[in-house]
Every structure is written in structure tokens, then in C-alpha cells.
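A quick note: this is a predicted structure, and the numbers were derived from the prediction, not measured.
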Amino acid sequence: MTSMFDQYEQASQRSKQVLVPPIRPDISTAGFIQMKLQDDSPIFTKQKVNFLPSDKILHLVVSNNTIVIAMANNILLRIDMKQPDKTEEIDISKYMLTMKMSGLFLDPLGHHLLITLVPRYGDNGPPPELYYLHRKTTKLKQASKFKGHEITAVGWNFSNTLDTSSGFILLGTSKGLIFETEIGLETDKIFNTSLEQYWRQLPNYLPLYGTKEVGGLVFDIGKNSKPPITGIEFHKLPNSDKYMIIVTTLMRIYQYIGAIANTEEKPFLQQVFYRYLNAQESFSEVISSLPYSKMQFYYPSLGALPKSFGWLTETGILYAQVDAKPEGNNVLINQQMLTCPETSLMGSNVSQTISAPLSFVLTEFHALLLYPDHVKSISLLSQELIFEDIYNDAVGKLIGITKDPATRSIWAYSERAVFKYRVTKEDRNVWQVYVDKNEFELAKQYCKDNPAHVDQVLVKQAEMLFKNKEYEKSALIYADTHSSFEEISLKFLQEWQIEALKTFLRKKLDGFKTQDKTQITMIVIWVTELFMNQMGTLRSSNTSYLHDPQYIELQNQFDQFLAIPKVEECIMKNRNTIYDLMASHGDKDNLINLTVMHRNYEEVIRQNLYKSDYIGALGVLKIQNNKNLFYQFAGILLQELPRPTVAALISQGSLLKPVKLLPALVSCNSDEKHAKEVIKYLEFCVYKQGSQEQAIHNFLLSLYARYKQDEVMRYISSQGQDISMVHYDVHYALRLCQEVKLMEACVQLSALLGLWTTAVDLALTISVDLAKQIAAMPSDHDDELRKKLWLKIAEHVVREKDDIQQAMEFLQHCDLVRIEDILPFFSDFVTIDHFKEAICNSLQEYNQHIQDLKEDMQEATKAAELIRKDIQVFRSRCTFVHARDACNTCEVQLLLRPFYVFPCGHKFHSDCLVAALTPMLSMDQRTKLADLQRQLTAISNRPEDTTSVASASLSTKDQIKADIDELIASECLYCGELMIESIDKPFIEEEDYERVMKEWA
């Protein structure tokens, strides 16, 4: 059940919630569905954290869902918001005997915590100290090198991703000094420098209780004045080697921008500060009497460059945008001072008015200001107060407000409670702010595709342009709105802005759909009337209006308007109305052009054909752009005017599709005169345009076969011998050529179809040479088919022509056919004298082949004999092992343990060989070797009971040893194939690399 206190808190928030401006009253009539422009929930809602501190809260920091709270009883609470029930309490009482905490700093990842302690009783106490606490520890570590320096600001490394080290960071002190250092949790040696000027120091290594510190003094912004540093941050500028560093004091902002030339140099950022050492100080200053100031950035995401910047002063909040590509030394652009709203504080019965908040945080579009008893939010764009949250005295005074850079959650804390603010759609009303500032493009971006919002933006933009007398631009934007069509039209007519009115009407026309026929017709007729009035006025005032630039420009605009598809379609359906309108203005030129523009050529051509005016019909057909009329009237015109019509078809080139002209072409090839013209067009399509339609090629081939038979072979040859690449139907062509007795073409087409036997038979009826060409065409891999074709030719030569001399010459042309293959074709009465030479040559080839085989057999016998001799010599070979011989692996005396000796001379202990060879074996071989070794060990440890059993064990033992030898001693470790296969492996393993390098060094 909600307590009365919580109910009061909620009421205090709602009472100050600022409402969004209402929607324009005419939106609902503009075609939109009624909808709310504001979200019911407020932008900022507060939630009290279920946490009861054991004492007053002094400091609170939060990063990456990790919260650290410092309380007055010297207890640090560390809470992981992912596991809020597991709270860590760290007692720091022993460090606080004479000290008090002045600063608490947590890195963006929530791993590294810095604690600044100062004397409790002024300057007479011990010097300030800096302590470090890691996320994984509960023990504070003192940073002794910073003793005596009060750290007032920390510039964390937002690009760091390590949890053991913070990376290089910047520390600002109460006396204007800037240090670069690195902190982390390590137990090894640490890198540090003294506090003298950084450019004169060399790094040295000193132990520091397991805490790592690296760095040194890099800059002194105060020099003489020694102002305390209240804020410091640095970031790497994207796509460059430059860094920006922003430093704030109580009254000044310093900007440092510089490139990093040497990434190995430490301190790292000294290269940025170096150029400012002897330069005149450059800063922005605001007079402020506040004893504090605060710097805040807004990050779109953790690790990204900040988008905006804010600096709290007595005057207000200095707000600026962060430039990712700065020119010069200014990265903070578009600076403006946001005035904080005044507030009244009640204390000791005295009312006090203040304007400077204690602290603040930035969101994308708002700033939350923290006062002692309430929180206010102002818009960064309009500076208006949009939210106020009043706190009850029961929670104590508010101390601070902070933001988690990782999760962007906002936390406020008082002396006795912690609160969390949730931000809900804070950009919901940004578009309205940009509209009020006349920044319409930005307003459209933040409308979130809400048509009602976009319409309001466009109306406001159009009204502003109309007021500034930019009428045509205003008309373009008005046309995109849902404003009253009649109202906008009257606005332009009252100002007599005809061009702007035409622009408005044409843009409206573009937005209509084809089904909006009534609206389209109305606008087309209206725009036509406006053009007619303008051009009629010029015609009446100027007799040479055809040369008037203004009239020519109007005519071009009107022609472009008539060419719009919607307009053209509308005029086609309302042709008589438009014609009457032009006739009423006496505009005969446009009336004639309109008929041409409407492409109403079909009726004109029909009339010419009806009057037998074929030349006139062809002339009209040539000047018009409707290609379908060519397909429609080409047949009639080809019959009457074959040559001019074909010339007209050729002049159209690729604009016509030959396939669609086929009906016309087929209908007029009744005589040779017409056929030759059709062939001329088909040849243009095939040879000039590269047409690949099969119907075109088949038709051309049929005309060749009927009227130009001498062109058939040329055409077939031009198509090639690859059936997959020809564009005509080969079966149709073969049937066609057979009908007209074109035998040579039939031979080529049969070969193209793979009918080799048929092709050779047909070729033999023509000539033997043609048959030889066909027989040589099959692939060289198909020797059986080629031999069959050549034998068919040989049989024809021997039996049909009875030409023995030609048959003998035939054997020289084909290496697949021998004399014995054609002997059966000769008659029984042919004497051997005619082909004695061929038989002798064949017998010599066989004899030579037999001699080659004999020589190969003799060489094989000699090689086998040499191998047998080598085997006999190898069997009697022996190797001497001397007492001083050592193992090639461990270099220990060889005879001390069982060993292997290889013919190459390498010697290894058995165990050394197994250890070296095991990594090179496959997984199956390793398993088998381990199993054999286990069996051998078991047999060796078995007691000998009887002679027979012992003999059996010995036999088994020898077999196991032989199997082991087969695995590990089949080849030398250094000379065998294993060494060759391991050539790609490194000599030194990765885990031993560092050790070996140190030993070699």
C-alpha cells in the first residue's frame, strides 16, 4: 500500500508537469484520425530506492550499474544493481581518524574507485591523500605519490575496456595541477614518475602495495593563481589521431586539442599539453562567486564522443555542442548561457531566493537541476521549465545528482535516501520547440513519422515562406499539407501569384492517385485555363509572340505539363472539353500539337489506307512513336510498298521486335519481289542486330531455301558447328533442305545432329573429300566412331570405285585404319602386288613393337636382379655401437638403457624415441602404442609358473615388442617421412617462446 509520503511525492511531481501545446483545430478535418500528441506519462518520473542508510549520506557515485555510497559513519557501501541484495560494506574508519572525504570518483566501467581525503581540521592537519579501491577488493590502497595533493577532478579513460587497469587518466588538483597516471590492481612492480616536470623525468619502478600507478605532472593551468580544478575530461576525436581535453575551474573553461605523434611515449597526453606550455593562456571565463562548479557531458553511448557539454556557474549553465571535427582550438561550439530558474528556500523562518543549483545532469534535450529541497528540469532548446519535483523534509537535504554513463540512469540522493529518475520519451515535444524556433528540418526529424505533427511543421514553414514573399517555395510546401485546398488557392489568387498557384496545383496533382479522377480532372482543366490566359495575353499584346522568350518559356512549360502521364490520361478521357477550351481561346497551334501529342495516329493511318494513300500512311507511321502501329499496318504497307516499308522498318532499328512483325512478313512473301525485301529485313535483324529468336532464323532459312539456295550453306556455316549455339531449329532445317534437295546442306545438318553415319553416307553421294571432312569431325577421344566412319569411306572407295591406288593413298590420311582392316573389302582376284608395300610397312610396325616390348622386359629383369643383390647385401650388414656413443636426443651414454640403432647412423634410447615420436603420431597410433606398452608391462610383471606358460608369454612378449617396433622404429626420427611431414611446425612452441628468448638473450 502506498504511504502518504509517497502519495505526496507523486502529487508534487504531477502538479508541475507542463502540458504539451494542443493540436491545431483543423487537423481533425484534414484527413487524420483523432490522436493524442502527448504521452500520458510524464517525461521524468521519480522512484525511491528501497534503501535505508545506517547514517547520513555524504557522497554517491554510480557507473555501469555499480553504486558506491559514502556515509558519515565511515562506511562505504558498494551495490551491484544487478544483484541489489548483495551489498558490500567497507569500513574505512582507520583512514579517517584525522581526515575527511572530499571526493569520490568511479570510472565509467565501475571497476576503479578513487577517494580523496583532506584534513578534518583545516590546513594544520596531515597532507591530503589519495586512496584506490578496486571492484574485486575491499582494502584501500594508498597512492603515495600523490600525497599532499588534493584530487578534485578525474578525467577517466572512456576508451578503456580492461577491469584490471584504468588506462591512462588525468587527475586535477585543488591547486590547478594536472597529472597523468594509470591505476590498476597488480601485485608486480609498478611504473611511476616523481612530481617534477614531466619532460625531464625518466620512468622508474617502485613497489606500491600491489597498486599500479604510472605517470607524472603534465600541466599547470593556474601557474600563479592556483585555481582548483572542478572538472576534467578527455576524448579521442573520431577518425583522427587528435585528442581533446576539457578542463574547468570555478570561473574558466580550458580547451586543449592536439595530435599524438608517438603512442609509446609516456605520459601519453603530454604531447597535447606540450604545445600550450609557452603559449598565452586561452580560455573562456564567466564571473562566478560560487565556491563550486560542475562540468557535465551527454554521451549518446558509452565510449562515443560526447554530443553536448554543460558547465554550472553562478550565472547559469553554459551549454554547447561538441564538434567532432574542430577547426582550430575550439571544440565547444554554439555556446549559450542557460538561465537557471530562481527558487525560494525556507530556512530558520527566513525565505532565501537562489538561482544557482547545487548540481545538475544533462540528458539529450533537458537539464535536471538539483536544489537543496527540490529538482527542476529545463529544456535545453527553449529554456522553459518543464518539470519540478519537490522533496519532503523527511529525506533531509538533497546533496547531489549524478548519471550513470553506461546505462544513462539518473540518481539523486539526499542525506537519508536515494532516488532514481526514469526518462520516458523526452524527445516527444522537441519538434514543437524547433517549429517555434523556425528550424523546420530538425522539427521534421523529431516528428517520429507522426503525420499530424509533420503537417503542423509544414504548415508553419509554408506560412513563414508566404509571409517572406517566397511564394513558389511556399506553394511547394503547402501542397504537401492537409490544409484546405480552396483556402490556399485563394491566398495565391489574392496576391495574384499565378506561377505560385500553378506550382501548388501541379504539386497537388502529383500527390493524387489514379483513382482520384474528379480531383485530377478539375486541376488539369484549371491549370490549362491558367496557361491559356497567360499565353493569350501575350499573343494579344505582341504580334511576333512566337519569338518572345516569355511566350516560348510558357509554351515549354505547357508542353511539359501536357506530357505528364496523369494529365495525358485525363485529356484523353476529356478530349472534347480540352479541345473546346483551347478553341475558345483561339489557340490553334496548341490544338494541333495536342492532337499530335495524344498520338491519335491510328485513325489518321486508317483514313489514308481507306483512300489508298499508302505513301501518306507510311509517312504518318514513320513520324509517330507508337510502335504497335507498325505491327498493325506493316502487312498492308508491305504488300503495296515493299521497299519503302522495309526501309522504314530498318530505320526503326531495335525499337521494333521482329517476332511481332512475323505475321506481316509471312503474309507478303508470295512472289520473289516481296520475298527479297523480306529477306533484306530478316538479314538486317540477324546480321546487324544479332537477333536470336528461333522463329526469325527459321523463316530466313526457309526463304533462302526457296529463293536463294546459294545462301543456305553460307548461313549454316556462319552459325557454327555447336548445336547448342545455333539459333535455328536444326531438325526443321534438315527437313527443309531434304525437300529442296540441298544435299550438301543435309550433310552438314546431319553432322550437326550427331548423325555421323547418315552424314557420311550422304557425303559419299557427293564426293569422297566431303566424306573425309565429315569423318574427321568427331572428337579425337571417340576413336571407335572415327574408325567406323573411315572404314565406311574405305569400303566405298574399294568396292564402289574399285580404285586400289586410291585405297592405298587412303591409308596415309587416317592413322586409325590399317591394311588388314580394308583387306576384306578387296575382291578375291586382286593380286598382292597392288598393296605389297602397305603390308610390308604394317609388318615392320608390328616387328618394331615386338622389339620394344623385348627391351622393356630385359630392363625389368636387370632391375629385379639389382634389387635382389641389394637385399642380400642388406641382410649381412651390421652396425658397431661403441661405449662412448650417446643418444641423439638426450646426449646420455647409449648403452645405459635399451636403445635403437638405425641404418642411417642415428641412435636413440627407447624411452627417448617414444617421447619424441608420440606427438607426431595420430590419435589412433597413440592409443595403440599406449595399449601395447600396458600389455608389455603386464606380461613382464607376471610370475613364471611353468615352462609352457613361460614360453607362451615369451612368444606374446616378442610379438608385442615387434608391434611396438613397428610403430616407433619403422623409420628414423630424423631421416624418415615423419620429419618431412613436420617441416611446417615451429622449432619453438608458443608456451616456451618467452622462456627460450630470455635464455638466448
**Prompt:** Between the main-chain N or O of Q519 and the side-chain N or O of K508, is there a donor-acceptor pair closer than 3.5 Å?
**Reply:** no
**Prompt:** Looking at K622 and F630, what are the two nearest heavy atoms and their distance?
**Reply:** CA-CZ, 4.3 Å
**Prompt:** How far does CG of L501 sit from CD of E472, to the nearest 0.5 angstrom?
**Reply:** 11.0 Å
**Fill in**
Looking only at heavy atoms, the pair that brings I257 and K242 closest together is CG2-CD, 4.4 Å
**Asked** Quick check: does any side chain N or O of D516 sit under 3.5 Å from a backbone N or O of F512, one acting as donor and the other as acceptor?
**Response** no
**Asked** Between the side chains of Q632 and K660, is a donor N or O closer than 3.5 angstrom to an acceptor N or O?
**Response** no
**Asked** When rounded to the nearest 0.5 angstrom, what is the spacing between CD1 in I520 and NZ in K513?
**Response** 11.5 Å
**Non-hydrogen side-chain atoms of S359 and Y371 separated by less than 4.5 Å** = no
**Request:** Please determine, by modelled atom types, if N334 and Y319 share a side-chain donor-acceptor pair under 3.5 angstrom.
**Result:** no
**Asked** For residues Q555 and D559, is any side-chain donor paired with an opposing acceptor at under 3.5 Å?
**Response** yes
**Asked** Between CD1 of I477 and OG of S483, what distance do you get to the nearest 0.5 Å?
**Response** 11.5 Å
**Request:** Would you check if P372 and L358 make a side-chain contact, meaning some heavy-atom pair closer than 4.5 Å?
**Result:** yes
**Message:** Evaluate Q461 against K444 for side chain to side chain donor-acceptor pair (under 3.5 Å), listing each step before the verdict.
**Reply:** CA-CA 11 Å; Q461 184 179 9; K444 294 174 189 176; 3.3 Å; yes
**Asked** Any sub-3.5 Å donor-acceptor pair from Q255's side-chain atoms to V331's backbone N or O?
**Response** yes
**Request:** Quick one: do W311 and T313 satisfy side chain to side chain donor-acceptor pair (under 3.5 Å)? Show the steps, please.
**Result:** CA-CA 6 Å; W311 177 45; T313 66; over 6 Å; no
**Check: H235 ring centroid to F158 ring centroid under 6.0 Å** = yes
**Prompt:** Can the ring centres of H366 and F387 be said to be less than 6.0 Å apart?
**Reply:** no
**Prompt:** Between P357 and L370, what is the shortest heavy-atom contact and its length?
**Reply:** CB-O, 3.2 Å
**Main-chain N/O of G316 paired to T339 side chain as donor or acceptor, under 3.5 Å** = no
**Atom pair CD1/CG of I498 and N533 - distance to nearest 0.5 Å** = 8.5 Å
**Prompt:** Atom OG in S284, atom CZ in R252: separation rounded to 0.5 Å?
**Reply:** 10.5 Å
**Asked** Can you name the closest pair of heavy atoms from I253 and T248 and give their distance?
**Response** CG1-CG2, 4.1 Å
**Request:** For the pair F561 and F531, name the ring-plane relationship: parallel under 30°, tilted 30 to 60°, perpendicular over 60°.
**Result:** tilted
**Message:** Tell me whether Q624 contacts the main-chain N or O of N626 through its side chain, where contact means a donor paired with an acceptor under 3.5 Å.
**Reply:** yes
**Prompt:** Of the non-hydrogen atoms in G231 and M295, which two are nearest, and what is the gap between them?
**Reply:** C-CE, 3.4 Å
**Prompt:** Does atom NZ of K566 have more than 12 heavy-atom neighbours, drawn from other residues, nucleotides or ligands, at distances under 6.0 Å?
**Reply:** yes
**Message:** As an exercise, state the distance from CG of L562 to CD of Q557, rounded to the nearest 0.5 Å.
**Reply:** 12.0 Å
**Message:** I'd like to know whether F558 forms a side-chain contact (heavy atoms from CB on, under 4.5 Å) with M535, so could you lay out the CA-CA distance, the side-chain angles of the two residues, the decisive distance to 0.1 Å, and finally the verdict.
**Reply:** CA-CA 10 Å; F558 186 52; M535 289 189 287; 4.0 Å; yes
**Asked** Is there side-chain contact between V375 and L369, with at least one heavy-atom pair below 4.5 Å?
**Response** no
**Prompt:** Can you find a pair of side-chain heavy atoms, one from P549 and one from Y551, that are under 4.5 Å apart?
**Reply:** no
**Asked** Does M464 reach the side chain of N438, with side-chain heavy atoms less than 4.5 Å apart?
**Response** yes
**Asked** With no hydrogens and no angle check, is any side-chain donor or acceptor of Y631 less than 3.5 Å from a backbone partner on K657?
**Response** yes
**Message:** Please check: side-chain N/O of S474 versus main-chain N/O of E470, any donor-acceptor pairing under 3.5 Å?
**Reply:** no
**Message:** Using side chain to side chain donor-acceptor pair (under 3.5 Å), reason through E439 and Q445 one step at a time and then give a plain yes or no.
**Reply:** CA-CA 11 Å; E439 298 181 15; Q445 295 179 15; over 6 Å; no
**Request:** Would you sort out whether L362 and S308 count as a side-chain contact (heavy atoms from CB on, under 4.5 Å), showing the intermediate values?
**Result:** CA-CA 8 Å; L362 287 180; S308 57; 4.3 Å; yes
**Request:** Apply the test side chain to side chain donor-acceptor pair (under 3.5 Å) to residues Q560 and N556: give CA-CA distance (whole Å), side-chain angles for both, the deciding distance (0.1 Å), then the verdict.
**Result:** CA-CA 6 Å; Q560 294 173 6; N556 291 335; over 6 Å; no
**Prompt:** Above 12 or not: heavy atoms from other molecules or residues under 6.0 Å from NZ of K507?
**Reply:** yes
**Asked** Is the number of heavy atoms from other residues, nucleotides or ligands within 6.0 Å of CD (E327) greater than 12?
**Response** no
**Message:** Quick one, Y478 with T481, criterion side-chain contact (heavy atoms from CB on, under 4.5 Å). Give me CA distance, side-chain angles, the key distance, then yes/no.
**Reply:** CA-CA 5 Å; Y478 264 130; T481 69; 4.2 Å; yes
**Request:** For side-chain contact (heavy atoms from CB on, under 4.5 Å), just list the numbers for K517 and K573, CA-CA rounded to whole Å, side-chain angles, deciding distance to a tenth of an Å, and then say yes or no.
**Result:** CA-CA 10 Å; K517 300 184 184 302; K573 294 180 178 180; 3.4 Å; yes
**Prompt:** Under 3.5 Å, is there a donor-acceptor pair between the side chain of S382 and the main chain of S379?
**Reply:** no
**pair I378-Q383: side-chain heavy atoms closer than 4.5 Å** = no
**Asked** If every non-hydrogen atom of V361 is compared with every non-hydrogen atom of I401, which pair is closest and at what distance?
**Response** CG1-O, 3.8 Å
**Exceeds 12 heavy-atom contacts within 6.0 angstrom, atom NZ of K437** = yes
**Request:** If the plane angle is over 60° it's perpendicular, under 30° parallel, otherwise tilted; pick one for F492 and F504.
**Result:** tilted
**Item:** K491 to F466 six-membered ring, cation-pi geometry met (6.0 Å, 45°)
**Value:** yes
**Message:** Side chains of Q321 and K307: any donor to acceptor distance under 3.5 Å?
**Reply:** no
**Request:** Go through F309 and F297 one step at a time and tell me if the ring pair (Phe, Tyr, Trp, His ring centres under 6.0 Å) criterion holds.
**Result:** CA-CA 5 Å; F309 162 86; F297 285 90; 5.2 Å; yes
**Prompt:** Do the non-hydrogen side-chain atoms of V567 and V524 ever get within less than 4.5 Å of each other?
**Reply:** yes
**Message:** Main chain of G310, side chain of K294: is a donor-acceptor contact present, judged purely on distance under 3.5 Å?
**Reply:** no
**Side chain to side chain, N330 and D323, heavy atoms closer than 4.5 Å** = no
**Donor-acceptor contact below 3.5 Å, side chain D404 vs main chain S409** = no
List, one per line, each side-chain donor-acceptor pair under 3.5 Å for residues 298-306, sequence neighbours excluded.
from	atom 1	to	atom 2	distance (Å)
Y298	OH	R408	NH1	3.0
Y299	OH	E233	OE1	2.4
Y299	OH	E233	OE2	2.8

**Prompt:** Between E463 and K460, is there a salt bridge with N-O shorter than 4.0 Å?
**Reply:** no
